[in-house]
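Remember, it's 1-based here, ligands and their atoms both numbered in the order they're listed. Heavy-atom basis, side chains included; hydrogens, waters and symmetry copies ignored.
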Amino acid sequence: MSGTRRRFFQDAAIFGAGILGISESLQAQNEKAMPMRLRETHREHTLPSAFLPMTTPDVADLPHEMDGAVKVFRLDAEPVKKKIAPFKTIDAWGYNGSCPGPTIQVHQGDRVRVIFENRLPESTSLHWHGLEIPIEQDGVPYISQKPVAPGEKYVYEFTVHQEGTFFYHAHSAMQEMMGQIGFFVAHPEKDYKPRVDHDYGLILQEWAVLPSNTVPNTAAMEFNWLTFNGVAAPMTTPLLTRLGSRVRLRILNLGMDHHPVHLHGHQFVVTGTEGGRAPESTWYPMNTVLVGVAQARVVEFEAKYPGAWMIHCHLPHHMMNSMMDLLRDRQIETADQTEMKALSQMESLAKSVPFEHVHHAPIAKDAESVPGFPQDAFMEMGMDEAVEKPETYGLPKNWSAGMMGMMTMIRVLPDKEYDAILARKKVPGTATEHHHES
Ligand SMILES: [Cu+2]
């Protein structure tokens, strides 16, 4: 098949049009009308498969060594001090100093060995969620193995014949709620079509941590801290995308609630689940996807519209940070206060945290006379400087006052702005720098 003809078939498939119905001249018009970035993407489709790793913002990848043809990973379960907001650090449990644990990325067909060490004060194990592997690798205490005692090692080894978004976690309920989970992504032997330019992963977790406490209450049914990849907004690192690129988002949930995750300004299709890639005939447009407990949802979309677009759980209580941590026993008082009193209280609290700024949206002159007031007034806290990083460069002043809880943003940036942020990142090739140049 000639190069032109191959591209024609691929483009026709990408546009979802009947191959026989498209003439070469119409195809040429389509290419002319496409933004430059999309045209580049199409060209990449004809190249041999280049590996585009997933980026897990705020969580590192787990490196591996090779032992012959076996990929060898080392995972240590251990307690982790985790800063989930500028004014809140909790005592979580995780792996290799990280909560959630570091992301494991392999390829379909890989032989994988995980040398696991338990540095927790109690027994544990590792379960490979969604993987079709022999029963003795399933990581369930007493059923498929003896629990791994504190100080002990255990070696898991299996061949990954699937592709998709999987995860590892302790197979002990309370340990799961202490944070013992991490991504296990199996990239397909042959690239998915259409290919994407950006691939991001988010792990959804919830925590019940009382004010002045640091240890999550794993038996609680009400949660006051909601995180993406172990941090609450505005500490979540924005996802950078190039205008005109195709984006994949893998969203993984392990907690007590199902989370309806909503994307602003764009429609997406669900291209996969925790079971792997979904056939294209099942894709339909949506912008809110319910990610149930123990599920993964993989969505893809074209980043068509420039801007800083929110992605967040839409449960109202999951779009908040726990003010109780700041206000403690004064919280009830605050709801009954005049504007001046509430404001001065917030300002003095902000200084102790430290925030560099307290945002205060205007209220009506007669606000105090309206039953129900205040609701969200006084609660917004700007902390732009406290959470500043290259990925937040160029956002409007006080942007952080609008970001709380299980929330992050996708920044759709024209090339010049995208490249300017990449240039600000000190160590290229890590964190969210993942654009593949070819
Ligand atoms: Cu939620």
*For a ring pair (Phe, Tyr, Trp, His ring centres under 6.0 Å) with H314, tell me which candidate from H262, H259, H258 qualifies.*
H262

*Between E122 and Q175, a side-chain donor and acceptor under 3.5 Å*: yes

_Sub-2.8 Å protein N, O or S atoms surrounding the Cu ion (ligand 1)_ = H259 ND1, C313 SG, H318 ND1

*Which residues pass the side-chain contact (heavy atoms from CB on, under 4.5 Å) test with A220, sequence neighbours left out?*
A208, N217

*Between F183 and R250, is there a cation-pi geometry (under 6.0 Å to ring centre, at most 45° from the normal)?*
no

*Residue among F116, F167, Y156, F73 satisfying ring pair (Phe, Tyr, Trp, His ring centres under 6.0 Å) with W128*: Y156

*Does the gap between the ring centers of H318 and H312 come in under 6.0 Å?*
no

